[in-house]
**Student:** 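Sharing a structure here in structure tokens format.
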Protein chains: 2
Amino acid sequence: MVATQKRATSQRAAIQAVLAGTDEFVSAQDLHAALRAEGSVVGLATVYRALQDMAAAGDVDSLRNRSGEVLYRRCGQPSHHHHLVCRSCGSTQEVAAPGVEQWARAVAEQYGYVDLDHQVELFGLCAACAAVRD
Amino acid sequence: MVATQKRATSQRAAIQAVLAGTDEFVSAQDLHAALRAEGSVVGLATVYRALQDMAAAGDVDSLRNRSGEVLYRRCGQPSHHHHLVCRSCGSTQEVAAPGVEQWARAVAEQYGYVDLDHQVELFGLCAACAAVRD
DNA sequence: ATCCCTGCAAACTGTTTGCAGTCGG
DNA sequence: CCGACTGCAAACAGTTTGCAGGGAT
């Protein structure tokens with residue numbers, strides 16, 4: 001069960017519901033807007049706080065946008081993995097990268113680095129967006 | 001020739017000098033502080049503008065910090081590559097990742113993504129910092 | 001002389017935080 | 001009832017931008 005939050009409140013539930021309903025990365029602001037759109041009036045600060053808690057608890061994945069926004073996405077896998085994100089429409093593919101993990105470990109070892117963490121994200125234009133733009 | 005800036009000014013030169021003198025990623029603010037420290041009084045805005053220009057021209061590499069700062073580093077190679085950055089002291093190893101490029105291309109193709117870009121950075125503790133922390 | 005570049009300060013964006021009130025357990 | 005959670009607004013950090021003046025070509 002991924003429910004590590006301390007207290008169950010309606011706004012927290014609403015946030016989780018939105019996250020559960022999408023497969024894409026969303027920014028805190030997007031999430032906030034989505035909540036208002038569906039009627040749940042939740043403070044922006046609350047969204048940020050909840051998102052941070054959830055990220056800390058490992059319930060959601062977070063990554064930083066090209067423009068510096070933090071994007072969140074509900075995340076099934078326990079260990080981290082990587083994403084292929086469409087630059088235009090934001091749709092996301094979760095991708096495995098066995099070789100990458102291994103490579104990271106090898107490189108770290110080679111230089112004597114420990115406590116390794118890696119950030120591997122692919123950005124591109126999905127087929128649909130590429131067609132539109134042409 | 002890596003000198004794509006439009007006009008040669010003293011502050012631009014000072015910025016390039018600082019970048020040329022280090023192998024680590026520095027933030028615009030660090031760079032600005034370094035300039036003042038060595039006597040060159042350059043406006044912060046100017047540093048940002050110069051850095052952007054240089055990044056656009058491909059003279060420097062840029063990546064985003066965990067905390068959202070943009071870090072810049074002078075960059076020899078024409079094509080991009082990847083880095084192993086010490087979380088603690090900021091020292092950087094430039095690492096090659098032939099397999100990664102290939103993997104990225106394969107994954108993109110598999111999902112029909114084009115105009116691919118990838119962000120691959122390794123973070124860890126270098127041997128020295130790991131020893132200190134123990 | 002022209003036009004880009006610079007500096008300053010104000011504007012902006014995304015995010016965080018202090019504080020008083022509210023609600024879940 | 002108690003304490004964590006919420007909302008608001010103000011605070012913040014990093015970055016960008018408008019405008020007037022100055023230097024490079």
Side-chain angles (χ1 to χ4, degrees), chain A residues 1 3-19 24-57 59-73 85 90 121, chain B residues 1 3-19 24-57 59-73 85 90 119:
Chain A
M1 257 298 85
T4 324
Q5 81 267 181
K6 309 186 175 178
R7 192 166 289 194
T9 63
S10 62
Q11 26 284 81
R12 232 102 160 161
I15 291 173
Q16 295 194 327
V18 171
L19 284 172
E24 304 179 359
F25 275 100
V26 293
S27 65
Q29 318 247 5
D30 288 343
L31 188 31
H32 180 239
L35 286 170
R36 317 220 89 165
E38 71 168 36
S40 320
V41 180
V42 180
L44 183 54
T46 300
V47 174
Y48 276 107
R49 282 192 273 237
L51 248 18
Q52 289 178 168
D53 289 352
M54 295 168 75
D59 292 344
V60 298
D61 244 9
S62 70
L63 68 82
R64 223 169 246 280
N65 211 353
R66 252 1 194 187
S67 61
E69 280 182 320
V70 181
L71 304 182
Y72 298 91
R73 181 166 182 277
V85 185
E121 307 297 340
Chain B
M1 261 294 83
T4 325
Q5 82 265 178
K6 309 187 175 175
R7 192 164 290 194
T9 63
S10 64
Q11 26 283 80
R12 231 103 162 160
I15 292 172
Q16 295 194 327
V18 172
L19 284 173
E24 303 179 359
F25 276 99
V26 294
S27 66
Q29 319 248 2
D30 288 344
L31 187 32
H32 179 239
L35 286 170
R36 316 219 91 164
E38 70 166 37
S40 321
V41 180
V42 181
L44 183 54
T46 300
V47 174
Y48 275 107
R49 281 192 273 237
L51 247 18
Q52 290 178 169
D53 289 351
M54 295 166 76
D59 292 344
V60 297
D61 244 8
S62 70
L63 69 81
R64 225 169 246 278
N65 211 353
R66 253 0 193 184
S67 62
E69 279 183 320
V70 181
L71 305 182
Y72 298 89
R73 182 167 182 278
V85 184
Q119 166 182 343

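Chain naming here is simple, since letters A, B, ... match the order of the sequence lines and numbering starts at 1 in each. Not measured: the values here are computed from a predicted model.
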**Student:** How close or far is atom P of C:dT15 from atom CG of A:L31, stated in whole angstroms?
**Tutor:**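 Distance check: A:L31 CG to C:dT15 P gives 12 Å.
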
**Student:** Five pairs at each end of the helix from C:dA1-D:dT25 to C:dG25-D:dC1: take the axis at both ends and give me the angle between them to 10°.
**Tutor:**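 Here the helix ends are tilted 30° relative to one another.
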
**Student:** Rounded to whole Å, how long is the line connecting atom CD of B:Q29 with atom P of D:dA13?
**Tutor:**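 Computing the B:Q29:CD to D:dA13:P distance gives 10 Å.
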
**Student:** Without decimals, in angstroms, what is the distance between A:R12 CZ and C:dT22 C1'?
**Tutor:**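 Spelled out: CZ on A:R12 to C1' on C:dT22 is 15 Å.
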
**Student:** Just how far, in rounded Å, is P of C:dG14 from CG of A:L71?
**Tutor:**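 Atom CG in A:L71 sits about 11 Å away from atom P in C:dG14.
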
**Student:** Could I get the full list of side-chain hydrogen bond (donor to acceptor under 3.5 Å, both in side chains) partners for B:S67, not counting sequence neighbours?
**Tutor:**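 Testing B:S67 for side-chain hydrogen bond (donor to acceptor under 3.5 Å, both in side chains), a comparison that skips the adjacent residues, returns B:N65.
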
**Student:** Going by number, which of residues 39-49 of chain B have a non-hydrogen atom under 4.0 Å from DNA chain D?
**Tutor:**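 Within this stretch, B:L44, B:A45, B:Y48, B:R49 sit under 4.0 Å of the strand.
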
**Student:** Please tell me which of B:A50 and A:G68 maps to the more 5' nucleotide of DNA chain C, matching each residue to the nucleotide holding its nearest heavy atom.
**Tutor:**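 Looking at the nearest nucleotide for each, B:A50 comes out on the 5' side.
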
**Student:** Under the side-chain contact (heavy atoms from CB on, under 4.5 Å) rule, collect the residues that match up with B:T46, sequence neighbours excluded.
**Tutor:**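 With sequence neighbours excluded, B:T46 shows a side-chain contact (heavy atoms from CB on, under 4.5 Å) to B:Q11, B:V42, given in chain and number order.
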
**Student:** If you measure only the distance, is there a donor-acceptor pair under 3.5 Å linking the side chains of A:S40 and A:E38?
**Tutor:**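 On atom types as modelled, these side chains qualify, holding a pair under 3.5 Å.
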
**Student:** At less than 4.0 Å, is any side-chain N or O atom of A:Q11 found next to OP1 or OP2 of C:dC23? Yes or no.
**Tutor:**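 For C:dC23, neither OP1 nor OP2 has a side-chain N or O of A:Q11 closer than 4.0 Å.
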
**Student:** Rounding to a whole Å, what distance do you find between B:F25:CZ and D:dG14:P?
**Tutor:**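 That distance rounds to 18 Å.
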
**Student:** For the atom pair CZ (A:F25) and CG (A:D30), what is the distance rounded to the nearest 0.5 Å?
**Tutor:**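 With rounding to 0.5 Å, CZ (A:F25) is 13.0 Å from CG (A:D30).
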
**Student:** How long is the span from the CD1 atom in B:I15 to the CG atom in B:D59, to the nearest 0.5 Å?
**Tutor:**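 B:I15 CD1 to B:D59 CG: 12.0 Å, rounded to 0.5 Å.
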
**Student:** Report yes if a side-chain nitrogen or oxygen of B:R64 is closer than 4.0 Å to either non-bridging phosphate oxygen (OP1 or OP2) of D:dG14; otherwise report no.
**Tutor:**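 It does not, given that no N or O in the side chain of B:R64 lies less than 4.0 Å from OP1 or OP2 of D:dG14.
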
**Student:** B:R49: what forms a side-chain contact (heavy atoms from CB on, under 4.5 Å) with it, not counting sequence neighbours?
**Tutor:**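 side-chain contact (heavy atoms from CB on, under 4.5 Å) check on B:R49 returns B:A45.
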
**Student:** Rounded to whole Å, how long is the line connecting atom CG of A:L35 with atom C1' of D:dG7?
**Tutor:**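 Nearest whole value for this atom pair: 14 Å.
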
**Student:** Between atom CD1 in B:I15 and atom P in C:dT6, what is the gap in whole Å?
**Tutor:**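 Result: 7 Å.
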
**Student:** Not counting sequence neighbours, which residues clear side-chain hydrogen bond (donor to acceptor under 3.5 Å, both in side chains) with B:Q52? List them please.
**Tutor:**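 Not a single residue meets the side-chain hydrogen bond (donor to acceptor under 3.5 Å, both in side chains) criterion with B:Q52.
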
**Student:** Using a 4.5 Å cut-off on heavy atoms from C-beta on, say whether the side chain of B:R64 contacts that of B:L71.
**Tutor:**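 Sidechains of B:R64 and B:L71: no contact.
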
**Student:** What's the CG-P distance between A:L51 and D:dC5, to the nearest Å?
**Tutor:**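 Rounded to the whole Å, the gap is 15 Å.
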
**Student:** Pick base, sugar-phosphate or nothing for A:Q52, based on heavy-atom distances below 4.0 Å to the nucleic acid.
**Tutor:**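 Sugar-phosphate only.
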
**Student:** If you restrict it to nitrogen or oxygen atoms, what contacts under 3.5 Å exist between nucleotides 23-25 of chain D and the protein, and what is each distance?
**Tutor:**
unit_1, atom_1, unit_2, atom_2, d
D:dG23, N2, B:R7, NH1, 2.7
D:dA24, N3, B:R7, NH1, 3.2

**Student:** Does A:M54 reach the side chain of A:R12, with side-chain heavy atoms less than 4.5 Å apart?
**Tutor:**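 No - every pair of side-chain heavy atoms lies 4.5 Å or more apart.
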
**Student:** Quick one: side-chain hydrogen bond (donor to acceptor under 3.5 Å, both in side chains) partners of A:S62, sequence neighbours excluded?
**Tutor:**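 So A:S62 forms no side-chain hydrogen bond (donor to acceptor under 3.5 Å, both in side chains) with any residue.
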
**Student:** Sequence neighbours excluded, which residues qualify as side-chain contact (heavy atoms from CB on, under 4.5 Å) partners of B:A55?
**Tutor:**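 B:A55 satisfies side-chain contact (heavy atoms from CB on, under 4.5 Å) with B:V60, B:Y72 once adjacent residues are dropped.
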
**Student:** Would you please name every residue forming a side-chain contact (heavy atoms from CB on, under 4.5 Å) with B:A34, sequence neighbours left out?
**Tutor:**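 B:A34: side-chain contact (heavy atoms from CB on, under 4.5 Å) contacts with B:V18.
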
